[in-house]
Chemist: 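Have a look at this one.
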2 protein chains.
Amino acid sequence: MTKGDDMSSILQTPQTVTTANVPVRTPSVGTGGVAVRGQWLPSADQIADWSLDARIVHLFAEIGTPVVVPRNGELYAEDGQVDNLYRIESGVIRTCKILNDGRRQIDGFYMAGDIVGLEVGRRHQYCAEAVCRATLRAVRMRTVHAQIEAGGDLSCALWEMTARELLRSQQHILLLGRRSAQERVGCFLLALASRIAGRNVLETANVLFDLPMSRQDIADYLGLTIETVSRTFTQLEAMGVIALESARTVRLSNRAALREMNG
Amino acid sequence: MTKGDDMSSILQTPQTVTTANVPVRTPSVGTGGVAVRGQWLPSADQIADWSLDARIVHLFAEIGTPVVVPRNGELYAEDGQVDNLYRIESGVIRTCKILNDGRRQIDGFYMAGDIVGLEVGRRHQYCAEAVCRATLRAVRMRTVHAQIEAGGDLSCALWEMTARELLRSQQHILLLGRRSAQERVGCFLLALASRIAGRNVLETANVLFDLPMSRQDIADYLGLTIETVSRTFTQLEAMGVIALESARTVRLSNRAALREMNG
DNA sequence: CGTCGTTTTGATCAAATTCAAAAAGTGTGG
DNA sequence: CCACACTTTTTGAATTTGATCAAAACGACG
């Protein structure tokens with residue numbers, strides 16, 4: 001692993017509030033429970049600014065209004081007015097663009113603790129939908145902007161969030177531009193596992209986790225077709241790299257092989 | 001054109017200093033001449049903050065130290081320390097990632113007036129090289145950070161720059177994930193033309209412009225091979241969409257067709 | 001148990017890659 | 001100015017990867 005690695009940024013890293021890995025989040029997807037501290041340590045390479053994170057988390061907890069989006073429901077539309085910033089409490093959100101002939105490209109999947117809807121322009125550049133029923137908290141953008149004006153260097157935190165999104169996008173570009181179907185699926189599974197199961201799990205025993213999204217969603221994220229994704233799962237299973245307990249339940253049996261795919 | 005359009009953001013828009021189209025830049029690539037005002041109007045959809053732009057341009061003009069990078073020379077390496085922010089005065093810079101087996105993905109091309117090297121983390125996530133001899137001005141990141149601390153809401157400008165990069169990346173993801181070779185090349189040419197010749201030219205007569213980069217660079221940007229890029233140029237020429245005065249000189253003969261490719 | 005949506009598998013097809021070589025450009029030195 | 005070496009671009013033929021079309025298997029749910 002020398003170049004082009006850092007799988008973790010392909011999907012959301014454990015937290016997206018700033019470049020520091022934020023220690024406040026719900027324990028697992030779907031519980032919507034109380035935030036738990038200290039699950040990840042900020043890497044030395046990242047700017048740690050806990051007070052800002054705490055402030056953002058606090059902002060949503062205090063003045064955020066609850067929003068519930070049903071499975072496949074739309075949080076906001078492409079070209080829609082940017083008026084809220086959301087923090088996910090449970091469930092999974094996908095952001096995507098759709099070409100006028102129906103081709104769809106999923107930009108990213110967002111999970112509990114992640115912030116979605118952050119954009120600088122006035123209109124959303126992509127739409128956001130729920131992969132599965134999601135609960136969120138919304139804060140008006142004008143409130144956020146007011147906070148910025150009020151001097152607290154919240155803008156710095158927003159910048160870092162945007163920068164993190166940019167890193168993720170750049171990894172995605174490399175994946176889509178230069179990786180084979182097998183590598184794409186491998187990278188995706190490894191990144192998703194570290195997001196769902198926690199980074200620490202990657203060093204321990206075989207990880208077992210559920211895929212919250214359909215094969216179609218995975219295909220549209222990886223720039224493949226649903227059939228190719230399905231076949232690739234089968235191939236990886238035949239190679240002994242993964243084991244499919246069910247279509248939506250994956251065990252990573254050979255993480256070394258997966259990490260190798262990262263090139 | 002309803003969704004997934006805005007070709008212009010695939011490559012650099014005329015200016016990347018903020019979301020506003022900045023009116024200060026050199027007249028054309030390679031001259032390194034004096035900046036000219038008022039070439040583009042900021043679109044209504046973008047946040048115009050001229051004073052910030054002006055401040056950034058001024059910063060580079062006043063305290064920036066000149067840097068010259070020869071053709072194919074490296075401005076900075078992937079994983080290299082982030083210590084400077086650069087503004088291009090002439091020439092073209094590419095940013096790219098390289099997989100350990102040599103596969104390369106170009107993230108973007110940057111031209112006169114663009115800012116390169118902006119990253120939030122401590123280490124560069126990609127390398128930057130000169131497509132052709134480039135002259136730049138460098139400002140130390142610590143100076144930039146000092147400016148931020150000093151209260152001027154420069155961080156807001158940096159945020160907007162990062163956000164603009166993010167938009168570009170998202171367009172690139174759609175291109176790599178869901179577009180055919182022909183569409184990729186078409187989108188690329190249209191975007192490059194509007195970047196080089198100016199947005200206004202897109203509404204007027206047939207645009208004629210030079211490609212500063214090789215077929216290999218284009219291939220690595222579009223996630224294709226050099227042969228496919230070459231064949232696609234030939235196809236587009238046969239279709240009457242473009243005309244190749246020489247390998248590096250392109251005329252867009254049918255911009256409607258190109259714009260249609262944008263879906 | 002039957003229906004509906006999702007996933008898998010099979011057969012065929014097409015787009016893009018690979019390997020190979022020719023053609024066109026560029027620059028250098030005689 | 002031409003000859004030569006070298007790089008870039010184009011073209012051709014064969015191959016491969018992933019897409020498409022079609023249908024079967026599977027799972028959830030009323």
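Proteins come first, then strands; the chains are lettered A, B, ... in the order of their sequence lines, and each starts at number 1. Predicted, not measured: the structure shown is a model, and the values here were computed from it.
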Chemist: Can you find a heavy atom in the side chain of Tyr221(B) that is under 4.5 Å from one in the side chain of Met213(B)?
Modeler: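 A side-chain contact is absent here, since even the closest heavy-atom pair is not under 4.5 Å.
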Chemist: Within the structure, does a side-chain N or O atom of Thr234(B) lie under 4.0 Å from either OP1 or OP2 of dT11(D)?
Modeler: yes
Chemist: Just how far, in rounded Å, is C1' of dT8(C) from CD of Glu237(A)?
Modeler: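 About 12 Å, once rounded to whole Å.
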Chemist: Using a heavy-atom cut-off of 4.0 Å across all strands, would you classify Ser230(B) as base, sugar-phosphate, or nothing?
Modeler: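 Ser230(B): base contact, heavy atoms under 4.0 Å.
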Chemist: Nearest-Å distance, CZ (Phe233(A)) to C1' (dG18(D))?
Modeler: 16 Å
Chemist: Rounded to whole Å, how long is the line connecting atom CG of Asn72(B) with atom P of dC6(D)?
Modeler: 18 Å
Chemist: Could you state the CD-P distance from Glu227(A) to dT9(C), rounded to the nearest angstrom?
Modeler: 13 Å
Chemist: Side chain of Arg248(A), base of dG27(D): donor and acceptor closer than 3.5 Å?
Modeler: no
Chemist: With sugar-phosphate meaning primed atoms plus P, OP1 and OP2, does Arg71(B) contact a base, only sugar-phosphate, or nothing at under 4.0 Å between heavy atoms?
Modeler: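 It contacts sugar-phosphate atoms only.
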Chemist: With heavy atoms under 4.0 Å as the rule, sort Ser246(A) into base, sugar-phosphate or nothing.
Modeler: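 Here Ser246(A) touches no strand at all.
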Chemist: With respect to the phosphate group of dA19(D), does any side-chain polar atom (N or O) of Thr225(A) fall under 4.0 Å of OP1 or OP2?
Modeler: yes
Chemist: Would you say Glu119(B) and Gln125(B) are linked by a side-chain donor-acceptor pair, where the criterion is simply a distance under 3.5 Å?
Modeler: no
Chemist: Within less than 4.0 Å of OP1 or OP2 of dT17(D), is there a side-chain N or O belonging to Ser180(A)?
Modeler: no
Chemist: Between Arg184(B) and Leu222(B), is there a donor-acceptor pair closer than 3.5 Å when you use the side chain of the first and the backbone of the second?
Modeler: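 Yes: the side chain of Arg184(B) pairs with the backbone of Leu222(B).
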Chemist: Mapping Val229(A) and Arg178(A) onto DNA chain C by nearest heavy atom, which one lands closer to the 5' end?
Modeler: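 Result of the comparison: Val229(A).
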Chemist: I'd like to know if the side chain of Arg179(B) and the backbone of Met261(B) have a donor-acceptor N/O pair within less than 3.5 Å.
Modeler: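 Yes.
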Chemist: Where the side chain of Arg231(A) is defined as all heavy atoms beyond and including C-beta, which of dG18(D), dT20(D), dT7(C) is the nearest nucleotide?
Modeler: dT20(D)
Chemist: Rounded to the nearest Å, what distance is computed from the CD atom of residue Gln182(A) to the C1' atom of nucleotide dT16(D)?
Modeler: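 It is 14 Å, rounded to the nearest whole Å.
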Chemist: What nucleotide among dT7(C), dT9(D), dA16(C) has an atom nearest to a side-chain atom of Ala181(B)?
Modeler: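 Given the options dT7(C), dT9(D), dA16(C), the side chain of Ala181(B) is closest to dA16(C).
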Chemist: So does Arg215(A) get a side-chain nitrogen or oxygen closer than 4.0 Å to the phosphate oxygens (OP1/OP2) of dT8(C)?
Modeler: yes
Chemist: Is there a side-chain contact between Val92(B) and Arg71(B) in this structure, where contact means two heavy atoms from C-beta onward sitting under 4.5 Å apart?
Modeler: no
Chemist: Taking atom P of dG5(C) as reference, at what distance in whole Å does atom CD1 of Ile226(A) sit?
Modeler: 14 Å
Chemist: From CD of Glu183(B) over to C1' of dA15(C), roughly how many Å is that when rounded to an integer?
Modeler: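 Rounded to the whole Å, the gap is 13 Å.
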Chemist: What is the distance, to the nearest angstrom, from the CG atom on Leu175(A) to the P atom on dG18(D)?
Modeler: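 Checked: the CG to P distance equals 12 Å.
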